[in-house]
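Structure first, commentary second.
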Amino acid sequence: MDEIRVRIAPSPSGNLHIGTARTALFNYLFAKKTGGKFVLRIEDTDLDRSCDEFKENIFDSLHALGLNWDEGPDVGGPYGPYCQSERFDIYPDYAKKLLESGAAYECFCTPEELEEEKQRSMENKQANIYSRKCCNLNEEEKAALRAEGRKPALRFKVDARELKFNDMVKGELKFDTSLIGDFVIMKSNNVPTYNFAVVVDDMLMKITHIIRGEDHISNTPKQILIYEALGVAAPEFGHLGMILAPDRSKLSKRHGATAVSDFVKEGYLIPALVNFVALLGWSPSDGVEIKNIDEIAADFRINDVSSSNSIFEYDKLNWMNGQYIKKMEIGALTDLIIPFLEGYDLKRYSRAQLERIVEVTREPLTVLSEIKKDTSYFFEDNVTPESDEAAGAIQNKEVLNSALEACINWDFNSEENIHDGLAVLREKFKEQGVKAKDVMWAIRAALTGRIKGADISAVIAILGKECVEARLKNAL
RNA sequence: GCUCCCAUCGUCUAGAGGCCUAGGACACCUCCCUUUCACGGAGGCGACGGGGAUUCGAAUUCCCCUGGGAGUACCA
């Protein structure tokens with residue numbers, strides 16, 4: 001078999017959507033698994049809606065996800081250019097070929113006429129199919145129309161028949177082409193329509209497998225027809241279910257983050273995102289869900305991908321993100337976290353101390369953005385009780401006094417020493433009938449304003465003697 | 001309206017006629033661990049949308065219904 005070649009073909013009319021990212025991922029996984037090539041093509045024929053900013057975002061996001069392409073606009077390749085806007089001059093040749101072979105014909109209908117036809121079929125409860133009234137225009141009629149100043153579009157002639165293809169994820173799909181109607185392949189302004197451009201591009205780029213969202217299913221028969229008319233074998237198709245919002249509607253801005261870059265801004269880790277999105281429709285053969293992209297690629301089977309839609313729920317993503325946060329190397333994690341600490345005076349601490357702060361506060365994190373609130377007491381000058389329970393806890397003056405006295409002898413460079421010091425305190429109060437928990441709560445509340453949080457010995461060590469004494473006194 | 005796709009716990013899914021008393025993960029609940037929260041560990045709750053048909057036997061095959069999704073452009 002020839003080399004397997006897949007592609008992702010986003011249009012730069014928005015930031016890289018998480019759904020597009022998943023499609024890209026599945027293409028990438030398929031390429032990796034089969035030793036094929038992964039190509040990136042930018043579909044920017046709609047000049048009005050496309051812009052460079054989005055293109056950059058798509059590049060950056062794809063790179064960040066680790067979905068590196070073998071061929072694309074920036075890296076080039078043997079079948080370029082890889083931006084459709086730079087390929088405008090190649091479509092007319094193929095259009096001409098179809099016109100000459102009789103597979104296509106010129107259509108002079110105006111948008112108004114077309115709209116009228118559409119209304120009529122709606123009223124008759126029929127599918128909207130072009131009437132074909134321009135199909136049999138003779139040369140004189142065409143010349144007359146041209147003289148009126150009308151510029152023709154090119155329509156592809158669709159004859160009635162049954163068209164079948166075997167979808168890699170859905171199985172056999174059947175269509176009655178009489179319900180499709182003759183569709184436009186070249187607009188009157190000489191720009192190809194999507195269905196024509198993709199076929200020409202995929203053909204020229206030697207794409208062998210097209211994995212895309214199921215919103216393209218109805219385009220597939222049209223495209224297969226064009227392949228046939230061009231005398232080329234159509235590639236294999238695989239249509240993925242859609243990713244839906246929890247309300248089962250299309251995932252859109254009102255549901256929150258939609259672009260990969262939005263998720264990153266909210267504090268999601270790229271490997272977690274990749275892992276999570278891979279599990280939407282695909283499941284590992286060994287049941288182990290936490291897997292990196294290489295492990296997933298090694299186990300990837302396109303035929304086993306689920307054919308139904310899946311709902312994007314944050315619960316599992318959050319859990320998974322937390323798993324990655326816990327496992328991540330502390331230096332790298334600190335680098336990622338620093339931007340989320342904006343507004344705090346980070347110079348208060350050394351890099352080592354900062355890393356220690358991250359290390360002791362990362363445990364309950366689900367999203368990086370939560371770190372700011374969880375570490376506030378490290379950066380505030382004065383802490384105040386954040387809850388009634390914390391306010392109550394610092395009323396325990398006896399404990400606070402003892403802690404203040406005791407800490408003079410603690411070695412603040414040793415968390416272990418502090419830990420032992422606290423144990424001594426607990427022991428002392430235990431004899432007076434005060435519960436260990438209350439002792440710890442009083443100290444924690446005085447130092448952090450809360451009754452829960454990171455390991456208190458570590459907090460004390462990081463805060464330092466001066467600060468600890470000040471906060472205890474302040475609480476007293 | 002027309003066409004197509006889909007249908008297992010709340011969610012992501014395992015399941016390709018008997019291995020299913022339907023398995024796992026997230027969420028939720030309980031308990032354990034623990035100086036707190038959390039992490040971790042042990043349990044629990046919880047599903048084959050409905051109806052027919054085929055079969056000795058159906059979550060698995062077929063049909064109908066219902067529900068959800070998509071497409072229906074000289075957008076991509």
Side-chain angles (χ1 to χ4, degrees), chain A residues 9-13 43-46 48-50 84 107 109-111 114-115 118 121-129 151-155 167 170-171 173-176 179-181 183-195 197-198 213-221 239 241-242 244 246 248-250 276 279-285 287-290 304 306-320 322-323 326 361-366 374 389 393 419 422-423 425-426 435-441 443-445 448 450-457:
Chain A
S11 73
S13 52
E43 307 215 324
D44 52 356
T45 28
D46 187 352
D48 294 338
R49 292 198 302 157
S50 301
Q84 279 187 332
C107 171
C109 292
T110 61
L114 263 14
E115 181 60 28
K118 185 178 170 182
S121 25
M122 286 291 262
E123 279 164 26
N124 297 330
K125 301 191 176 184
Q126 298 286 306
N128 176 32
I129 293 157
K151 288 213 161 75
L154 244 202
R155 260 182 206 279
D167 190 278
K170 303 257 184 205
L173 264 22
K174 278 191 226 172
F175 299 86
D176 175 357
L179 264 12
I180 294 175
F183 58 93
V184 172
I185 54 175
M186 286 297 272
K187 306 182 212 174
S188 52
N189 62 3
N190 221 29
V191 171
T193 59
Y194 165 76
N195 277 310
V198 244
E214 71 173 33
D215 48 338
H216 284 287
I217 287 183
S218 55
N219 288 323
T220 310
H239 290 95
M242 311 262 79
L244 269 25
R248 290 176 192 279
S249 67
K250 206 193 273 183
F276 174 72
L279 258 21
L280 259 27
W282 174 84
S283 62
S285 55
V288 178
E289 297 191 322
I290 301 279
D304 288 344
S306 160
S307 52
S308 47
N309 293 340
S310 41
I311 294 173
F312 191 102
E313 286 278 9
Y314 276 81
D315 280 341
K316 193 156 183 173
L317 205 214
N318 287 341
W319 165 77
M320 194 166 268
Q323 294 295 311
K326 277 183 265 294
T361 54
R362 94 218 273 200
E363 195 76 12
L365 293 182
T366 212
D374 288 359
E389 281 161 307
H419 186 269
L422 288 168
L425 265 184
R426 283 199 298 275
K435 281 188 281 185
K437 187 174 171 181
D438 293 324
V439 175
M440 301 308 289
W441 273 22
I443 296 170
R444 181 182 289 282
T448 71
R450 315 169 188 198
I451 52 161
K452 48 186 176 183
D455 178 79
I456 198 67
S457 308

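Just so you know, these numbers come straight off a predicted model, no measurement behind them. Residue numbering restarts at 1 for every chain, and letters A, B, ... go by the order of the sequence lines.
- Shown here are the salt bridge (Lys or Arg N to Asp or Glu O under 4.0 Å) partners of E313(A), two or more places apart in sequence or in another chain: there are none.
- Considering only residues two or more places apart in sequence or on other chains, S307(A) meets the side-chain hydrogen bond (donor to acceptor under 3.5 Å, both in side chains) condition with none of them.
- Within a 6.0 Å radius of NZ in K435(A), no more than 12 heavy atoms belonging to other residues, nucleotides or ligands are found.
- Between I290(A) atom CD1 and C12(B) atom P the separation is 18 Å, expressed in whole Å.
- As the counterpart of U55(B), no nucleotide is assigned, since no Watson-Crick or G-U wobble pattern has both distances under 3.5 Å.
- The salt bridge (Lys or Arg N to Asp or Glu O under 4.0 Å) test applied to R426(A) returns no partner, not counting sequence neighbours.
- Judged as a ring-ring contact (aromatic ring centres under 6.0 Å, His included), and not counting sequence neighbours, the contacts of H216(A) are Y194(A).
- Pairing for A25(B) goes to U11(B), judged as Watson-Crick or G-U wobble with the two contacts each under 3.5 Å.
- Judged as a side-chain hydrogen bond (donor to acceptor under 3.5 Å, both in side chains), and not counting sequence neighbours, Q323(A) has no contacts.
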Per-nucleotide protein contact string for nucleotides 62-76 of chain B, where B marks a base within reach and S marks sugar-phosphate only (heavy atoms under 4.0 Å, - for neither): -------SSS-SBBB
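- D44(A) meets the side-chain hydrogen bond (donor to acceptor under 3.5 Å, both in side chains) test with S85(A); sequence neighbours excluded.
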Footprint string (nucleotides 32-49 of chain B, 5' to 3'): B base within contact, S backbone only, - free, heavy atoms under 4.0 Å: ---BBBBSS---------
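- Rounded to whole Å, the separation between the P atoms of A42(B) and G51(B) comes to 38 Å.
- Annotation: ring-ring contact (aromatic ring centres under 6.0 Å, His included) contacts of F312(A) (sequence neighbours excluded): F263(A), F276(A), Y314(A).
- The pair E289(A)-K316(A) counts as a salt bridge, with a side-chain nitrogen and a carboxylate oxygen less than 4.0 angstrom apart.
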Quick test: give all pairs of protein nitrogen or oxygen and nucleotides 14-17 of chain B nitrogen or oxygen below 3.5 Å, distance rounded to 0.1 Å.
none

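- With sequence neighbours excluded, no residue forms a side-chain hydrogen bond (donor to acceptor under 3.5 Å, both in side chains) with D215(A).
- Comparing C2(B), C6(B), C12(B) by their closest approach to the side chain of L279(A) singles out C12(B).
- D438(A) is linked by a salt bridge (Lys or Arg N to Asp or Glu O under 4.0 Å) to nothing, counting only residues two or more places apart in sequence or in another chain.
- Judged by Watson-Crick or G-U wobble contacts below 3.5 Å, the nucleotide U3(B) has A70(B) as its partner.
- In this model, the phosphate group of C5(B) is not approached by any side-chain N or O of S308(A) to a distance below 4.0 Å at OP1 or OP2.
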